[in-house]
Structures are given as structure tokens and as C-alpha cells.
There are 2 protein chains.
Amino acid sequence: MDMNILPSHSGSNAVRSRSSNRQAVLGRIQSAGQMGRAEIARSLGLSTQAVSNIIAELEEDGLLLEAGTRSGGRGLPAVQYSVNAEGGYALGVEIRPDAIFAALVDLHGNTIATRRRAIKNNKPDKLVAKVIKLRDEMVQKTGINAERLMGAGIVIPGPFGQTGLSGLGSDLAGWQSIDARTLFEDALGLPVELSNDANAAAMSERIAHGLSNFAYLYFGAGLGLGLVNQGQLVAGAFGNAGEIGHVQIMTAGGPAPLEQQLSRVSIQTFMRAQQPLDIDAISALFTQKDPRFWNWLEAAASALSQATGLIENLFDPQTIILGGAMPDAVLSHLIAQTHLPDLSVSNRTDNPIARLQCGTCGRMTATLGAASLILNRAFTPQAASL
Amino acid sequence: MDMNILPSHSGSNAVRSRSSNRQAVLGRIQSAGQMGRAEIARSLGLSTQAVSNIIAELEEDGLLLEAGTRSGGRGLPAVQYSVNAEGGYALGVEIRPDAIFAALVDLHGNTIATRRRAIKNNKPDKLVAKVIKLRDEMVQKTGINAERLMGAGIVIPGPFGQTGLSGLGSDLAGWQSIDARTLFEDALGLPVELSNDANAAAMSERIAHGLSNFAYLYFGAGLGLGLVNQGQLVAGAFGNAGEIGHVQIMTAGGPAPLEQQLSRVSIQTFMRAQQPLDIDAISALFTQKDPRFWNWLEAAASALSQATGLIENLFDPQTIILGGAMPDAVLSHLIAQTHLPDLSVSNRTDNPIARLQCGTCGRMTATLGAASLILNRAFTPQAASL
DNA sequence: TTGATAATTCAATACACTTGAGTTAATGAT
DNA sequence: ATCATTAACTCAAGTGTATTGAATTATCAA
């Protein structure tokens with residue numbers, strides 16, 4: 001039996017070097033806002049001439065814009081370059097059991113169009129057709145050049161494959177055994193990145209804040225965890241890493257899955273509501289200081305405290321970001337109420353960043369995150385592995 | 001304030017490509033045992049000619065040996081190459097509060113010399129001097145060419161830096177604020193990889209079995225977790241990922257740190273022993289079927305079950321490997337007694353690999369793991385980041 | 001025996017980065 | 001004001017490595 005599951009590392013040659021260097025140059029400029037040739041060259045360990053050639057190419061391709069000059073002391077002032085927002089676009093698609101969300105973002109990460117469609121039919125071919133239609137609508141409406149679409153990030157509910165969590169209602173029936181990536185790639189004619197909601201949301205924080213090692217607690221229907229290590233998503237061997245909602249924690253009523261205390265559906269239980277609460281309903285409960293909601297907050301803070309200890313001791317991240325389909329105010333309040341565990345590697349004296357913080361919130365968090373998967377690819381040299 | 005903590009990606013050029021391709025070629029051959037030029041070229045996406053040139057260079061450098069030919073059907077039989085065990089050596093050093101362990105391994109991972117020294121003085125300069133002496137002794141005794149030493153892997157007790165776990169006795173006093181890597185690099189005149197015991201042990205399993213996504217539960221004094229994602233260690237932002245021993249779990253007596261049920265020191269508690277039990281003492285208890293030890297086994301199996309759920313749901317690894325300073329028989333028994341949680345992403349119908357399995361055991365596990373950090377570097381193109 | 005197949009090598013070519021000299025435009029000292 | 005210093009940038013030549021295509025060799029199968 002062949003136990004060899006090592007990734008087959010790709011070899012490198014001149015053309016791949018150029019491609020990787022192009023991405024590196026773009027990535028440096030994106031994260032710094034604007035930079036000059038010499039500065040980029042130093043930070044990448046390349047010659048100024050090499051960077052000069054690459055910049056000329058990127059400018060030619062419309063991905064970079066000249067952004068004035070900056071003189072820092074003596075010497076010829078450096079010509080600054082910045083990423084051209086209109087140089088490229090990414091499509092983000094989030095598929096939920098009952099609806100599709102889609103967004104078009106530019107190279108700066110600005111949302112330039114969004115769409116929402118209810119769906120009745122989960123079948124792959126129907127969904128694919130709908131996604132194509134949404135893309136075409138948005139491209140048409142914004143009037144962007146379709147050739148500038150760099151790819152599509154697609155979020156589908158996990159877990160992927162037949163797992164012990166399948167059939168709990170969170171996954172998308174009929175999609176477990178399908179190679180969805182190739183399906184969408186062929187249908188859209190674009191490179192596709194597939195991911196779950198939490199990972200996608202995490203990636204959008206990475207693009208926005210430039211963090212390289214962090215964890216993202218995503219409030220969807222349940223609770224997901226996105227892990228970023230050295231700027232790369234930790235997806236796990238089968239793409240199902242981050243199913244933190246099913247981890248057992250201690251509660252007043254005995255051991256229970258984390259998700260039962262810390263998630264949107266758990267609010268529903270605490271409120272004894274008949275149906276799921278959406279983000280506005282939760283906002284209302286918070287401003288009204290509803291007592292049952294306050295009970296939930298208390299339970300959730302205890303759960304979050306335990307989850308924090310868990311994540312910090314296992315990953316030692318720079319920070320844990322909370323986000324997703326929850327009101328910003330609720331998450332901020334929750335963070336303020338949560339006791340940070342002492343017995344943690346993150347309980348350091350010299351930590352410059354808050355251990356818990358609030359990230360992007362709102363209904364489109366995962367959808368925009370999906371688009372970030374593509375942006376990230378444009379700014380990061382691809383790891384040379386299969 | 002500069003929040004930009006993105007890694008500065010290094011640019012690529014012809015020379016770096018060659019270096020990376022050399023490592024890739026070596027790595028392919030190492031993991032496959034032996035291979036021919038054309039096969040390597042296909043697996044790396046390089047031309048046969050390029051691989052041919054690289055192989056000539058590697059053979060010249062003594063890193064590869066011709067290993068006969070193999071004809072697979074028609075066509076000219078492929079000349080096979082295999083890694084020359086004597087082509088390079090790695091030094092592994094494990095520093096414990098009371099002793100230093102050292103080992104010399106060859107490119108095949110064979111141990112060719114080991115040493116153990118008690119230490120009274122923890123001071124950096126004393127330790128460094130001792131490490132140099134151990135290296136020189138082993139080099140002399142084995143008669144290897146000192147220039148073939150590729151580097152030193154060094155395991156020092158974590159956590160690194162001032163954390164909430166500092167001062168619990170597991171860390172090495174006086175080493176928190178030191179740049180140990182540069183210290184050893186300068187003293188030894190060799191490239192140095194620094195790591196904790198669990199990560200090092202995990203790396204040695206990776207080299208041996210070619211797994212790319214797995215978790216390693218390491219039984220040292222406490223309990224550590226080594227995480228390998230896409231062939232790379234997940235070290236965390238500050239190098240302290242994997243402190244799973246301090247995670248709270250449910251026990252018969254209420255919530256307690258995992259380490260309190262599942263570790264060598266926990267055996268001591270269950271046995272009501274005055275001093276730590278070593279690996280032989282534990283072996284004896286197991287063969288004698290000591291009732292107190294059986295109580296520990298029961299508690300440990302429950303703890304391991306919970307830890308398994310945790311690790312699987314957070315990482316979705318190919319497998320979890322148990323190893324370290326515990327008798328093989330005890331770990332095997334423990335694995336057999338442990339109930340695998342149903343509510344887990346790893347509870348899949350089509351899993352080809354056991355969810356829990358036994359890895360390398362024995363006193364030198366972490367020391368040999370330290371050496372594996374260097375071997376891994378020789379076989380893996382280095383991620384192009386700072 | 002002969003044709004098909006596949007590994008390997010040789011020689012020429014292509015690509016991208018580096019190097020070193022030269023140009024330009026700031027700053028700061030005289 | 002003038003001039004030396006500094007640093008970014010460009011040009012042209014040079015270097016390293018990979019690719020390409022033709023030729024060679026050895027095995028298998030008809």
C-alpha cells in the first residue's frame with residue numbers, strides 16, 4: 001500500500017519565478033499601500049532592475065498605478081506605485097441551503113455589486129446556472145470588463161465528504177461527493193477557490209489587516225473557526241478543519257457542544273423562539289436589553305472564554321477575531337464580558353494586540369470572504385505544491 | 001503603529017530556483033525510496049533535462065547513489081537513484097531541565113550515535129559549550145566528515161516568551177528572552193532549527209511515513225501537540241502552538257487540565273508515587289497489571305477520547321499519532337481502549353487510515369525529532385518567506 | 001527480426017534575474 | 001550659490017537555469 005501522501009512539490013523555472021515574483025510585488029504594494037521600486041526590491045531580496053521590469057509589466061497590465069513620488073532624505077525621490085482598484089475583480093459566492101449570495105469586489109476589496117437569490121432546488125446544475133446568471137448580471141450592471149475577472153471564491157456549507165457531522169442539517173445535501181471546484185471552474189471559465197464560511201471570512205480579515213497568524217470565530221448558523229498560519233489557511237487533510245462548534249465544553253447544565261451556547265441558533269433556544277433570529281432581530285433584543293437575551297450573553301461569555309483557552313493553547317495566534325452574521329455591538333459586548341483565561345500561552349505580558357477582537361460583521365461577511373480567497377491568490381506567491 | 005505583520009515574501013531567481021529544485025528532487029527520491037529521472041521530472045513538472053542536470057550535481061555532491069535500473073514495460077529502463085545515507089548528517093539536541101540528549105543521524109534517518117549528559121547549570125554559555133562538546137565527541141567517534149553535518153535541530157522546553165504558562169516548571173528558566181537560535185548558530189557554525197519536543201517528534205514521523213497533514217500527541221513530562229499542515233509545522237505566532245496539556249476537559253472529579261489525566265506526571269499521581277516514573281517503571285506496571293495503573297488507563301482513555309474529538313474537529317488531520325516517552329505497549333493498549341467520538345469530522349465512512357495510531361516511542365523520541373527538523377529542510381523546498 | 005515505446009543525452013535556445021556603469025534629482029555642507 | 005553626497009532609477013551586457021527538439025539507446029511486443 002502506498003502511504004505516500006506527501007505533496008508533490010512543483011519544480012521552479014524562469015516563467016514560474018516571474019509569476020511568483022509578480023504576485024510578491026503586488027502583495028507588497030497592496031499591504032503597504034504604496035511603495036517604490038527600490039524599497040520593494042530590498043524587501044523581496046530582488047535587484048532593483050528585476051522589480052523595475054516587473055512593475056513595468058504590471059503597469060502595462062493595468063494592475064498598478066503611479067502614485068507620485070516620495071523623497072525620504074537625500075537622493076532621487078522614489079516613484080511610488082499603488083494597486084489599481086480597477087485592475088482586477090473577484091467574484092464571491094456564498095451558497096446556503098436556502099439562498100445564494102454573490103458579490104463583486106475590486107482589487108482594493110471594495111464591494112461594487114451584490115446579489116441575493118432564494119433557491120428551491122439544491123441540484124448542482126441548477127445552482128451553477130444561477131451563479132452564472134448572477135455573475136453576468138453584476139458584470140453587466142457595473143460595466144466592468146469581464147476579462148478582468150480573476151476568479152471566483154465559492155463558499156459552500158461543510159462539512160465536506162461523509163463525516164460524523166454529516167446529516168446534522170448544516171451541510172448541503174447532494175454535494176458531498178461532487179468535485180464542486182472543477183464543476184464551477186468549467187462552468188464559469190474562471191479559477192475557483194472553494195472553502196467553508198469561516199475560512200473565507202478569515203481570509204478577508206487577512207487581506208484587510210495584514211495579519212498572518214490568527215484565528216477567526218465565525219458566527220454563521222452554527223460556529224466555525226478559520227485558522228490562518230503563516231498567511232495560509234489551515235484547511236485540514238479533508239478540508240474540514242475548524243469545526244469548533246462540535247467541541248464539547250462545560251456548561252451549567254453539564255457538558256455540551258460549544259455551538260449550543262455560542263451561536264445564532266443557541267440564541268433561538270434561549271429566547272424560546274419558534275424560528276431562527278436574523279441579525280436585525282438580535283440587534284433589537286440587544287438594544288432592548290431583553291432579560292432572556294442577557295441570559296444567553298452570560299452563557300455565551302462563559303463558552304467564549306473556554307473556546308478562547310482552547311484556541312490560544314492549541315494555536316498561539318496573534319489574536320482571535322470574532323465576526324459573521326451577528327451585530328457588531330453584540331460581539332463587542334460579548335468580548336467585553338468574556339473573562340480571558342489565565343492559563344494560556346496568549347496570556348503574555350508583552351502582547352501588543354488584544355486577545356479577542358471584533359472583525360467584519362453583517363450578512364455578507366462570508367460572501368465577501370469568498371472573494372478575498374481570490375484576492376489573496378493575486379497577492380501571494382502560490383505555495384509550490386500540488 | 002505598524003500593524004503589518006505579513007511575511008515579506010522572498011523573490012525568486014535562477015539560483016534560488018535551482019536550490020529549491022535540488023531539495024524537491026531529493027525529497028521526491030527520499031519519500032519514494034528510489035526513482036528515475038523521467039519519473040521525477042513528471043512529478044515535479046520539470047523537464048527531464050533539468051532533472052538530469054540536478055541529479056548529476058547531487059551525485060557529484062555525494063547525496064545520491066545510482067541504484068540499478070528498472071524497466072517498466074517497453075522503452076529504455078530507467079536508471080534509479082536513491083538517497084545516499086552517508087551523504088549528510090543531522091545533529092539532534094534535546095535540552096531538558098536536568099540533562100542534555102544528543103543524537104547524530106544520517107540522511108536515511110538512522111541513528112549513528114547518541115549521548116546523554118546530566119547538567120547542573122542552565123546558563124546559556126555552559127549549555128552551548130556542552131552541546132559543542134557532545135557534537136565533537138560524536139563526530140570523532142563515528143569518524144564522519146564534519147563538513148557533511150547539515151545542521152542542528154534543537155529542542156528546548158517551552159513555552160517561549162512570558163506566557164500564562166510560564167513558571168509552571170516546564171520551561172527552561174532564563175531562556176525565555178534569549179535568541180537561542182542565533183546563539184547556537186554562531187556557536188556551532190551550523191544552521192539551527194529550534195522547536196519544542198512535540199513539534200520535533202511530529203516532524204520525525206513525517207519524514208518516516210510521508211504524512212502531510214496530521215497531529216502528534218507527544219508524551220513528555222506533560223502533554224504536547226505537534227501539528228503538521230501541508231507538510232509544514234504549525235508553530236503559532238509566537239512558537240507556542242500545541243500546548244494542549246493545559247486545555248480543560250471533563251473528568252470524574254470535574255473540569256481539569258488534560259495533562260492531569262493524560263501524561264506521565266498524571267501516572268505518578270494515580271500511583272501516589274513520590275517521584276516521577278520513568279519509561280521502564282511504567283512498562284513494569286503495565287505487565288504487572290497494577291490496579292492503580294489500570295485506574296489511570298481508564299481515566300486516560302476518557303481524556304484521550306475527548307482530546308481526539310477536539311483535535312479532529314479543529315484540524316481534520318489524516319490521523320493522530322501518539323508517541324514520546326511512554327512504552328509502546330501502553331500507548332497501543334490506550335488506543336485500543338479509547339472510544340472514538342462519533343461527533344467528529346474524522347468519523348468518516350471512507351477513512352483509509354486509523355484515527356489513532358502509535359508512533360515512535362522511547363527516551364530519544366524528541367532528540368531524534370530534533371534531527372528530523374534538519375532532514376526535513378534538506379528534503380523540502382523552503383517556503384519563500386521571511 | 002522489426003517496429004513501437006520510453007529514458008536519456010546533446011546542443012541550441014529562451015527566459016528572467018544580476019551586475020556595473022551611467023543618469024537624474026533630491027539634500028546638506030561649504 | 002555651489003558642490004559633494006546620497007539614493008533611485010535605467011541601460012546594456014552578462015550569467016544561471018530551464019526548455020526544446022533531435023539523436024541515441026535499450027527494452028518489449030508483434
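Computed from a predicted model, the values in this text were never measured in an experiment. Every chain is numbered from 1 and lettered A, B, ... according to where its sequence line falls, protein lines coming before strand lines.
Note on T48(A): every side-chain N or O is 4.0 Å or more away from OP1 and OP2 of dA8(D). An OP1 or OP2 oxygen of dA26(C) is reached within less than 4.0 angstrom by no side-chain nitrogen or oxygen of S71(A).
Checked against ring-ring contact (aromatic ring centres under 6.0 Å, His included), F315(B) has the following partners two or more places apart in sequence or in another chain: F315(A). Every residue was checked against the salt bridge (charged side-chain N to carboxylate O under 4.0 Å, His left out) condition with E205(B), not counting sequence neighbours, and none meets it.
Taking a 4.0 Å limit (strictly below) on heavy-atom distances, residues 72-81 of chain A reaches DNA chain C at G73(A), R74(A), G75(A), L76(A), P77(A).
Contact annotation for S47(B): base contact, defined as any heavy-atom pair under 4.0 Å involving a base atom. As judged by a 4.0 angstrom heavy-atom cut-off over every strand, R42(B) is placed among residues touching the sugar-phosphate backbone only. Residue-level contact check: A50(B) touches the bases, meaning some heavy atom is under 4.0 Å from a base atom.
Remark: P of dC9(D) and CD1 of I55(A) are 8 Å apart, rounded to the nearest angstrom. In this entry the distance linking CG of N53(B) with P of dT8(C) reads 13 Å, nearest Å. A straight line from CD of E66(B) to P of dA7(C) spans 16 Å, rounded to a whole angstrom. Atom CD1 in I40(A) sits roughly 16 Å away from atom C1' in dC17(C) (whole-Å rounding). Distance CG (L46(B)) to C1' (dG16(D)): 15 Å, rounded to an integer number of Å. The separation between Q23(B) atom CD and dT17(D) atom P is 14 Å, rounded to whole Å.
Screening residues 48-62 of chain A for salt bridge (Lys or Arg N to Asp or Glu O under 4.0 Å), with sequence neighbours left out, gives R18(A)-E57(A), R22(A)-E57(A), R22(A)-D61(A). Sorted by first then second residue, the side-chain hydrogen bond (donor to acceptor under 3.5 Å, both in side chains) pairs that include residues 75-86 of chain B, not counting sequence neighbours, are R37(B)-Y81(B).
In the set dT18(C), dT19(D), dT10(D), the nucleotide with an atom closest to the side chain of R37(A) is dT10(D).
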Can you list the steps and then say if L44(B) with N21(B) is a side-chain contact (heavy atoms from CB on, under 4.5 Å)?
CA-CA 9 Å; L44(B) 296 178; N21(B) 287 346; over 6 Å; no
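Side-chain contact between S212(B) and Q230(B) is absent, with no heavy-atom pair separated by less than 4.5 Å. Taking the side chain as every heavy atom from C-beta outward, L104(A) and T111(A) never approach each other to under 4.5 Å. Looking only at side-chain heavy atoms (C-beta outward), L227(B) and L233(B) stay at 4.5 Å or farther from each other.
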Mind listing the N/O atom pairs, protein and nucleotides 12-16 of chain C, below 3.5 Å?
none

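If you check the side chains of T380(B) and N376(B), you find a donor sitting under 3.5 Å from an acceptor.
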